[in-house]
Amino acid sequence: MIARLAREKRGIEVVGHGALRNTGRVAKADVVLTTSGLKGVTLYEPTELVMSARSGTPVYEIEAILAARGQMLSFEPVDLGPATGAPGGALSIGGVFATNFSGSRRISAGSARDNLLGVRAVNGRGELFKSGGRVMKNVAGLDVARGLTGSWGTLAVMTEVTFKVAPLPQTMQTLAFVGLPDDLAIEALNIAMATPLEISGAVHLPKNCVDRLKVPKLKGVGQSLTLLRLETFATSIDERREKLKAALKVYGKPIELDAEDTFSLWSEFRTLSMMPFSTETSLWRISTLPTKAPEIVAAIQKFMDVVAFYDWSGALVWLEVPAAADAGAADVRRAVAVRGGHATLIRAEPEIRNSVEVFEPLKPEIERLTRGIKSAFDPSGLLNRGRMYANF
Amino acid sequence: MPHIELPEPDVGVLRRLPILIEGLKSRVGQDLLIVDEDGRRAYETDAFTAYRRVPMLVVLPRTTEEVSKILKYCHENDVKVIPRGAGTSLCGGSLPTEDAIVLCISKMNRVIEIDYANRLARLEAGITNLQITAEVAAGGFFYAPDPSSQLACTLAGNLAMNSGGAHCLKYGVTTHNVLGVKMVLIDGTVVEIGGSALERNGYDLLSLVIGSEGQLGVITEATVKLVPAPEGARPMMIGFRSPEAAGSCVSAIIAAGIIPVAIEYMDHAAIEVCEAFAGAGYPLDAEALLIVEVEGSEAEIGILLGRIAEIAARFDPKTVQISADAEQSARIWAGRKAAFGAIGRISDYLCMDGTIPLAQLPHALTRISQICAEYGLKVANIFHAGDGNLHPLILYDANSPEEAERAELAGETILKLCVELGGCLTGEHGVGIEKRELMTTQFSPTDLAVQMRIKTVFDPTWRLNPAKVFPLAITNVMRAGDAASTPEAA
């Protein structure tokens, strides 16, 4: 079908079930191609920790199948639907790899990209190709599969993805340190991450973000919360918790959450429930060094009111800013440029997303390679044209 | 003897050699060049020693700027370049051609920055793998990928091959442990791909670069993740009566939700040779041996190894032995890590590197025995059971050209079998020249065309690391000037 559209040189917008349609730039297209009909798990070997699924398979279906066998997607895909005014629960597994948006456990289990093993896809020439496979290690030829992650459907339409899965943890607990300012909180999180305790979530929520939490036990705390998740065997968890408390003694006495509260709390982060959809605000996603994250947030805060959610021990910041003609791009980009990292505009009115750079602008030599790669896969520029960058 | 074809040298380039030497001297100085034949001969091969070609010139740059000048000069003067680290490739990944310049970055081995707060280190790419861990051990960290050649191999080589190691079941391979690289393109342009942040901006070019076997550019610096060292680690050994029992035991361990840091499998032949070499206490009466290692605190290790022993008991093991102390643990690993060397003492061998789905292990081992028997050769098998990476070591006599060729043919047949069984040609050693022609068994012409177009974006005239990775006939066409067109006919 793409081959035919390619011959006719028709622009194609690639969508799954629409979870990401309000994110990124709006593609210039003549037709919409949906992967929503490409559904179903095609291979699942629990003892080899591997699954293949057609790209339009909803993530919740995959997670249900995995849970029935005591397994999970370790990278905790984030569903941006609710935070961007798109339908919730519509995230497809193809969308997960096309954006490479991973959740809190990325800090220990790696990103979606890290867990991808192989793809089948159709490029803008209409050619069906495969890369990678179903085994954990595969260095035959270029790693095209991982190279497609984060390309937002601009290089190829994935039709089937093969990825690593992991056992569900036997149990989990959370330690919540109360009232730390952002810089001390990030310091505490990174001290925890330097221990061998295999922390599987390291989040800091300033007070205004805590006020939006739903978990009853933390709802009324009224101060910032610095959260560390432990997931392991029941026989280990108490020992690890005590070691973690000892390592972070100077940061105060934490609130302790049991497995059930831990599950509810970290589930909220998977839909960014603290950053609910609103036309009054815009949402940015900033990737940087943990130690730079509080500086970046403080720098932007000088110009506007913000709500920040620090994940990955500070390596990722979700930042809500007041709606503005440029969604705050000038100030956000300047603050990030000085300190290193990159920012992506996630939520804003479509006109704004099409008038400012949604993705961090590329350096000239990287843009040259990027255009070259785009052209190698999609020489006529048919797939999701303009979805990432205005001109290609 | 060996039957892998190497390209004929371009006599035109060889004739221009004196001019090229002068040109490079004027750009980077005489000190970086190795011109004399004895000096150049040291670079004639790598760890795939059956093939040797003395390069026409060797350069040993000390800075990214020098690498840039050298590549720019080669680009402008139509000279092929062989990037090289320590030359430990098992697949001829850094084998020179006679009309090429070897660009060896082993002198670029400095630590640029260690950032414990953000758990990363920035290094020049010529540093050895083990040296990275040595530099950060005092801070309580290590660099996770641990190929068996880690004492000698460079980070640059690891990046080129996307190297793994025994512990990648838990920690991943090179591509999971690198945040960014500084790379020089063939035209001398210096690019930063990735950076220090966890996420990439824009297309994931870093994924394309890692594992590209020197086809896309020359990496001079890299930023790697530092991983906190575990509190402790301890292996256990389980001897089985059959490969089936060992394979089922691995499945049962994983089904129980336990992901050990390593699960290594050795067949009877490998057990015997390694035991004779290392005296590790391997069970000589076992048909298959698993070395399973777990990490954690003393208490956690005890509990986990106890659970694994219980699981193993269901498969009627001949022996179950938990390492008693650090000294025994070291011996258990020394035997495994020395496996290639130990086998090398009794015979020449070809080390294959296919991968297979775990469930296919018993079938694969049976077929591998049959294949080697058909070629009149012996084989020992070592297998990273957790991740499906199989290393059959085919024993042969290198003094017999005829036997060497039989060994290569047996190896090819085994790799084709791996692909048939749902695996791939190479799990961690790379393609190099060795598996170049087999790429068509794993990939369709379109699959290969997709990869080759990417190569063309980075290296439009195909001057970098020629005659590797892709089938020779196709790369010759690409180099002949058709690179800009699409390799549809591949």
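First the proteins, then the strands, lettered A, B, ... as listed; each starts at 1. Only heavy atoms go into these numbers, but all of them, side chains included; no hydrogens, no water, no symmetry mates. Keep in mind that what you see is a predicted model, and the values were worked out from it rather than measured.
Contact count against chain B (heavy-atom pairs under 4.5 Å) is highest for A/I373 among A/L168, A/I373, A/T149, A/L197. Of the residues considered (B/M161, B/R200, B/E213), B/R200 shows the highest number of contacts with chain A, using heavy-atom pairs under 4.5 Å. Chain A forms more heavy-atom pairs under 4.5 Å with one residue of B/D387, B/V469, B/V431 than with any other, namely B/D387. Contacts with chain B were tallied for A/M193, A/R371, A/K292; A/M193 has the most, counting heavy-atom pairs under 4.5 Å. The candidate with the highest count of non-hydrogen atom pairs below 4.5 Å against chain B, out of A/S313, A/G110, A/G141, is A/G141. Each of A/S151, A/P46, A/G133, A/A194 has some count of heavy-atom pairs under 4.5 Å with chain B, and the biggest count is that of A/A194. Most heavy-atom pairs under 4.5 Å with chain A: of the set B/L198, B/N162, B/L208, this distinction falls to B/L198. Between chain A and the options B/L226, B/V173, B/T175, the largest number of non-hydrogen pairs under 4.5 Å is found for B/T175. Ranked by heavy-atom pairs under 4.5 Å with chain A, the first of B/H176, B/K435, B/H429 is B/H176. Ranked by non-hydrogen atom pairs under 4.5 Å with chain B, the options A/L128, A/L155, A/L362 are led by A/L155. The residue among A/E45, A/E365, A/E360 with the most heavy atom pairs within less than 4.5 Å of chain B is A/E360. Comparing B/F443, B/F141, B/Y116, B/F470 by heavy-atom pairs within less than 4.5 Å of chain A, the highest count is held by B/F443.
Between B/I193 and B/V209, the closest heavy-atom pair is CD1-CG2, 3.9 Å. Between B/L358 and B/S251, the closest heavy-atom pair is CD2-OG, 3.5 Å. Listed here is the closest heavy atom pair of A/R339 and A/T288: O-OG1, 4.4 Å. In terms of heavy atoms, A/S111 sits closest to A/F75 at C-CB, 3.9 Å.
Looking only at atom types and distance, the side chain of B/T174 has no donor-acceptor partner in the side chain of B/N158 under 3.5 Å away. Checking B/N389 against B/T355 by side-chain atom types alone, no donor-acceptor pair falls below 3.5 Å. When only modelled atom types and interatomic distance are considered, B/E231 and B/S297 share no side-chain donor-acceptor pair under 3.5 Å.
Of the atoms belonging to B/E192, heavy atoms from both backbone and side chain fall under 4.5 Å from chain A. The contact between B/L304 and chain A is made entirely by side chain atoms (from C-beta outward), counting heavy-atom distances below 4.5 Å. When heavy atoms are compared at a cutoff of 4.5 Å, A/K374 approaches chain B by way of both its backbone and its side chain. Heavy atoms of B/A117 lying under 4.5 Å from chain A belong to its backbone as well as its side chain. For A/P361, the part lying under 4.5 angstrom from a heavy atom of chain B is the backbone only. Only the side chain of B/L120 comes within contact range of chain A, judged by heavy atoms closer than 4.5 Å. Heavy atoms of B/A252 lying under 4.5 Å from chain A are absent altogether. Contacts of A/E367 with chain B are absent, with no heavy-atom separation under 4.5 Å from either backbone or side chain. For B/V227, no part lies under 4.5 angstrom from a heavy atom of chain A. Within the 4.5 angstrom heavy-atom criterion, atoms from both the backbone and the side chain of B/S196 approach chain A. Looking at B/R436, there are no atoms closer than 4.5 Å to chain A (heavy atoms on both sides), in backbone or side chain. The parts of A/A140 that come within reach of chain B are both its backbone and its side chain, each placing non-hydrogen atoms under 4.5 angstrom from that chain. Contact annotation for A/P290: both backbone and side-chain heavy atoms come within less than 4.5 Å of a heavy atom of chain B. Within the 4.5 angstrom heavy-atom criterion, only side-chain atoms of A/E198, from C-beta onward, approach chain B. Contacts between A/E239 and chain B at a heavy-atom distance below 4.5 Å involve the side chain alone, from C-beta outward. For A/T195, the part lying near chain B is the backbone, with the side chain staying farther off; criterion is any non-hydrogen pair under 4.5 Å.
At least one donor-acceptor pair under 3.5 Å links the side chain of A/T370 to the backbone N or O of A/I366. B/T456 places a side-chain N or O within 3.5 Å of a backbone atom of B/M452 that can act as its donor or acceptor partner. Judged purely by atom type and a 3.5 angstrom limit, B/Q451 has no side-chain atom pairing as donor or acceptor with the backbone of A/V144.
Side-chain contact between B/D115 and B/N118: present, with at least one pair of heavy atoms (C-beta onward) separated by less than 4.5 Å. Between A/Y44 and A/V50, the closest side-chain pair of non-hydrogen atoms is not below 4.5 Å. For the pair B/K225/B/V178, no side-chain contact is recorded, criterion being any heavy-atom separation below 4.5 Å from C-beta on.
Under the 30°/60° scheme for interplanar angles, the aromatic rings of A/F359 and A/W152 are found to stand perpendicular.
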Side chain to side chain donor-acceptor pair (under 3.5 Å) between A/S236 and B/E300, intermediate numbers included | CA-CA 6 Å; A/S236 295; B/E300 287 172 337; 3.2 Å; yes

Given A/W318 and A/Y310, is the ring-ring contact (aromatic ring centres under 6.0 Å, His included) satisfied, shown in steps?
-> CA-CA 7 Å; A/W318 296 94; A/Y310 297 86; over 10 Å; no

Checking side chain to side chain donor-acceptor pair (under 3.5 Å) for the pair B/E199/A/H342: CA distance, chi angles, key distance, verdict?
-> CA-CA 9 Å; B/E199 299 272 284; A/H342 49 90; over 6 Å; no

For side chain to side chain donor-acceptor pair (under 3.5 Å), just list the numbers for B/S444 and B/D447, CA-CA rounded to whole Å, side-chain angles, deciding distance to a tenth of an Å, and then say yes or no.
-> CA-CA 5 Å; B/S444 73; B/D447 301 338; 3.2 Å; yes

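Taking 4.5 Å as the heavy-atom cut-off, the residues of residues 113-124 of chain A that approach chain B are A/R113, A/D114, A/N123, ordered by number. Residues of residues 100-108 of chain A placed with any heavy atom under 4.5 Å of a heavy atom in chain B are listed by number as A/N100, A/R106, A/I107.
Ion pair B/D187/A/R368 flagged as a salt bridge, since at least one NZ, NE, NH1 or NH2 atom sits closer than 4.0 Å to an Asp/Glu carboxylate oxygen. With salt bridges taken as basic N to acidic carboxylate O contacts below 4.0 Å, one links B/K170 and B/E295. The pair A/E357-A/R25 does not count as a salt bridge, with every side-chain nitrogen at least 4.0 angstrom from each carboxylate oxygen.
For A/Y389 and B/Y203, the gap between ring centers reaches or exceeds 6.0 Å.
Here the straight-line distance linking atom CE of A/M51 with atom OG1 of A/T162 works out to 10.5 Å at 0.5 Å rounding.
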